[in-house]
Trainee: 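Below you will find the structure I want to go over with you.
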Amino acid sequence: MSTHRIECSVNGEGCSVEHVPARRLLSDFLRDDLTLTGTKRGCETGICGACSVLVDGEVVKSCLMLAVQVQGREVRTVEGLAQGEQLHPLQESFMKCGGLQCGYCTPGFLMTSCAMLKHNPCPNADEVRHGLNGNLCRCTGYTQIVESILEAAEKMRETEHHGN
Ligand code: FES
Ligand code: FES
């Protein structure tokens with residue numbers, strides 16, 4: 001099988017990996033080549049959303065994308081959410097509101113909601129639920145996840161407001 005050198009940006013850092021097989025999945029590239037194991041492998045068929053990451057700011061399921069497709073692009077994973085010791089507002093609100101239990105689905109929910117709030121910084125509960133339709137959670141029953149996202153959205157708007 002042919003192999004490729006992949007050069008891209010991951011969580012703001014340039015990265016270059018040689019000999020990546022043409023058929024390597026982005027999820028495997030992130031986890032196995034870059035040891036960014038925050039991105040989870042679940043169904044590997046595009047259903048559960050555990051593998052969700054951002055590519056050029058848009059949420060993608062990394063089990064449905066090939067690593068070669070991120071050549072020259074910007075990838076953001078859950079490891080890139082916190083700023084040093086400072087958790088992202090979504091991470092804080094998921095902890096505070098009980099938006100996670102086992103946590104397996106959480107990286108995917110965080111990345112999906114990150115993209116969601118970028119497109120719609122002031123969603124209502126229905127819009128949040130709709131935005132989460134590609135992510136499955138077996139533990140929480142979703143209510144606290146929706147609450148977490150609404151609370152984070154409010155915090156982010158406040159910060160934005162005070163920053164202006
Ligand atoms: S592992 Fe990618 S959608 Fe489930
Ligand atoms: S917290 Fe366990 S699957 Fe969502």
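This chain uses plain numbering: 1 for the first residue, then up along the sequence. Counting starts at 1 for both ligands and their atoms, following the listed order.
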Trainee: For Leu66, does its backbone N or O pair with a side-chain atom of Gln69 as donor and acceptor, under 3.5 Å?
Mentor: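 The answer is yes, because a donor-acceptor pair under 3.5 Å joins these two groups.
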Trainee: Do Ser16 and Arg5 come close enough that some side-chain heavy atom pair is under 4.5 Å?
Mentor: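 Side-chain contact under 4.5 Å: yes.
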Trainee: Could you grab the protein N, O or S atoms closer than 2.8 Å to atom 4 (Fe) of ligand 2 for me?
Mentor: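 Per the 2.8 Å query on atom 4 (Fe) of ligand 2, atoms found are Cys105 SG, Cys137 SG.
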Trainee: Taking Ile145 as the fixed residue, which of Leu100, Leu132, Leu110, Val128 is the one that meets the side-chain contact (heavy atoms from CB on, under 4.5 Å) rule?
Mentor: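 Among the candidates, only Leu132 passes.
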Trainee: Who passes side chain to side chain contact (heavy atoms under 4.5 Å, CB included) against Thr45, sequence neighbours left out?
Mentor: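 Once residues adjacent in sequence are excluded, the partners of Thr45 under the side chain to side chain contact (heavy atoms under 4.5 Å, CB included) criterion are Cys43, Ile47.
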Trainee: Once you round to the nearest 0.5 Å, how far does NE2 of His119 lie from CD of Glu127?
Mentor: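 Rounded to the nearest 0.5 Å, the NE2-CD separation comes to 13.5 Å.
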Trainee: Keeping the roles fixed (side chain from Asp56, backbone from Arg73), state whether a donor-acceptor pair exists under 3.5 Å.
Mentor: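 Answer holds: no.
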Trainee: Just the protein N/O/S atoms under 2.8 Å from atom 2 (Fe) of ligand 1, please, no waters.
Mentor: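 You should have found Cys51 SG, Cys63 SG.
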Trainee: Not counting sequence neighbours, which residues clear side chain to side chain contact (heavy atoms under 4.5 Å, CB included) with His4? List them please.
Mentor: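 Only Ser2, Ala22, Val68 meet the side chain to side chain contact (heavy atoms under 4.5 Å, CB included) criterion with His4.
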Trainee: Which residue is it: Thr39, Thr37, Asn11? I am looking for the one with a side-chain hydrogen bond (donor to acceptor under 3.5 Å, both in side chains) to Thr77.
Mentor: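 Answer after filtering Thr39, Thr37, Asn11: Asn11.
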Trainee: Are any side-chain N or O atoms of Ser62 and backbone N or O atoms of Cys51, one a donor and one an acceptor, separated by less than 3.5 Å?
Mentor: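 A pair under 3.5 Å: yes.
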